[in-house]
Amino acid sequence: MKQVLMIGYAKRALEAGSRERLRMREYADALGGLHMIVFTLKRDGLPAEVKDGNLHVYGTNAKTRIGALWKAFRLGRAILKDRPAKAWIVSTQDPGATALVGRAVAKGNRATNHIQIHGDVFSLYNSRSLFARVRVWYAERVVRTTAHIRVVSERIKRSLVSRGVAASFVTVLPIQADLSSFLTVGNVRQYTRAQPLKFVYVGRLSPEKNVQLLIDAFEKVRKQHDCTLTIVGAGPMRSALQSKVMQLALTDSVTFMDWTNDIASVLAAHDVLCLSSDHEGWGMVLVEAAAAGMPVVTTDVGCAGEFVVPGVTGQVVPVGDVVAFAGAMSTYCDTPDLIRAHGQAAHAAAVQFALGEEEYLKRFVDVYTSV
């Protein structure tokens with residue numbers, strides 16, 4: 001089997017005990033070895049190199065983003081040069097910056113290019129700026145000239161096919177972490193009418209997650225209903241979001257919680273998960289919430305409409321629509337019986353979705369053995 005070198009943005013793979021590290025370790029064991037180059041900056045404070053069993057992770061630890069590209073290229077070439085007898089697959093996380101580096105690394109090294117796409121990159125680049133148009137042009141060129149693409153949802157596959165990519169070149173395999181702890185929460189969840197109703201957000205606090213919209217929607221709901229909101233995560237938007245909560249005088253009902261790897265326990269203490277992102281790849285937290293027996297309110301991103309069924313396992317609203325988001329949240333306040341109905345349906349869907357670890361890893365390996 002060919003050796004796999006991944007190039008991407010999974011910074012938490014450099015953190016001991018993180019869910020990202022554990023997931024990548026499983027992939028490495030299934031593949032018989034995995035090298036990863038992760039774009040990191042010095043200010044991230046992450047190690048430059050980690051060896052964990054069959055997993056070898058390298059951080060670029062550059063001063064600038066441009067520097068990270070150059071460092072990733074140098075690392076990649078060095079890895080392939082040190083193992084010249086190996087046949088390599090260079091798998092990149094998007095058809096943008098990582099593909100630019102990956103193609104340069106693979107050139108002249110008997111390496112095969114492969115792309116993983118975890119989000120609809122063309123919606124990410126949807127802008128009239130010259131830079132955005134150049135990114136779209138390059139991304140379209142890459143996907144049309146790469147014969148091996150793995151995506152995490154049918155939504156993304158449809159987007160690629162609409163841009164001229166052959167459907168046979170695209171394999172759909174959602175990200176699937178271990179759901180056992182979440183399913184356990186769902187098995188024992190008690191649906192009560194206790195007040196206040198507890199909403200929760202779990203994820204990175206970064207611009208594309210649009211947590212500002214969630215806070216604005218919650219303010220509208222809070223005026224009419226007894227409810228709370230917990231925001232769990234870390235990221236560059238945290239200070240701005242905390243300031244917004246203070247400005248809206250919501251400090252008595254909105255709580256910020258640091259990131260934890262025990263997300264199942266967090267979900268067990270809440271009623272409804274909210275995701276207000278502008279875009280998502282798959283949105284694994286939506287699956288985890290379903291496994292925990294929770295309904296969700298989400299924008300139309302990721303697995304919405306594919307795993308999350310509107311009106312059955314949750315509420316799906318247009319991206320960026322604060323009024324619709326507030327209305328969907330209010331639905332659960334006005335009709336609390338829906339929490340039980342949607343939560344139980346979501347849990348049942350998660351039980352059907354959850355593959356055994358062995359089966360999932362087999363499918364993951366199949367993605368690369370077919371390259």
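Reckoned from all heavy atoms, side chains included, excluding hydrogens, waters and symmetry mates. In this chain, numbering begins with 1 at the start of the sequence shown.
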Review point. Can the positive tip of R204 be found less than 6.0 Å from the middle of the six-membered ring of W259, inside 45° of the ring normal?
Key: no

Review point. T228 versus F199: any side-chain heavy-atom pair under 4.5 Å?
Key: no

Exercise for review: State the CZ-CD1 distance between F218 and I231, to the nearest 0.5 angstrom.
Suggested key: 9.0 Å

Check your understanding: Angle class for the F307/F353 ring planes (parallel below 30°, perpendicular above 60°, tilted otherwise)?
Key -> perpendicular

Practice item. Please list all pairs passing the salt bridge (Lys or Arg N to Asp or Glu O under 4.0 Å) test where one or both residues lie in residues 139-151, with sequence neighbours left out. Key: E140-R163

**Study point:** Candidates L273, V202, T313, V301 - the one meeting side-chain contact (heavy atoms from CB on, under 4.5 Å) with L286
**Key:** L273

Review point. Do Y332 and H342 have ring centres separated by under 6.0 Å?
Key: yes

**Study point:** Salt bridge present between R158 and E154 (N-O < 4.0 angstrom)
**Key:** no

Review point. Out of V254, T251, L241, which residue meets the side-chain contact (heavy atoms from CB on, under 4.5 Å) rule with M246?
Key: T251

Practice item. Could you tell me whether F169 and H148 have their ring centroids closer than 6.0 angstrom? Key: no

Exercise for review: Please round to the nearest 0.5 Å and tell me the distance separating atom CD1 of I7 and atom NE2 of H114.
Suggested key: 13.0 Å

Study note, to complete from the structure: Taken to the nearest 0.5 Å, the spacing of R189 CZ from Y191 OH works out to 5.5 Å

Check your understanding: In a check of side-chain hydrogen bond (donor to acceptor under 3.5 Å, both in side chains) between R103 and each of T98, T146, N113, which one passes?
Key -> T146

Review point. Should the pair H56 and H35 be assigned to parallel (<30°), tilted (30 to 60°) or perpendicular (>60°) ring geometry?
Key: parallel

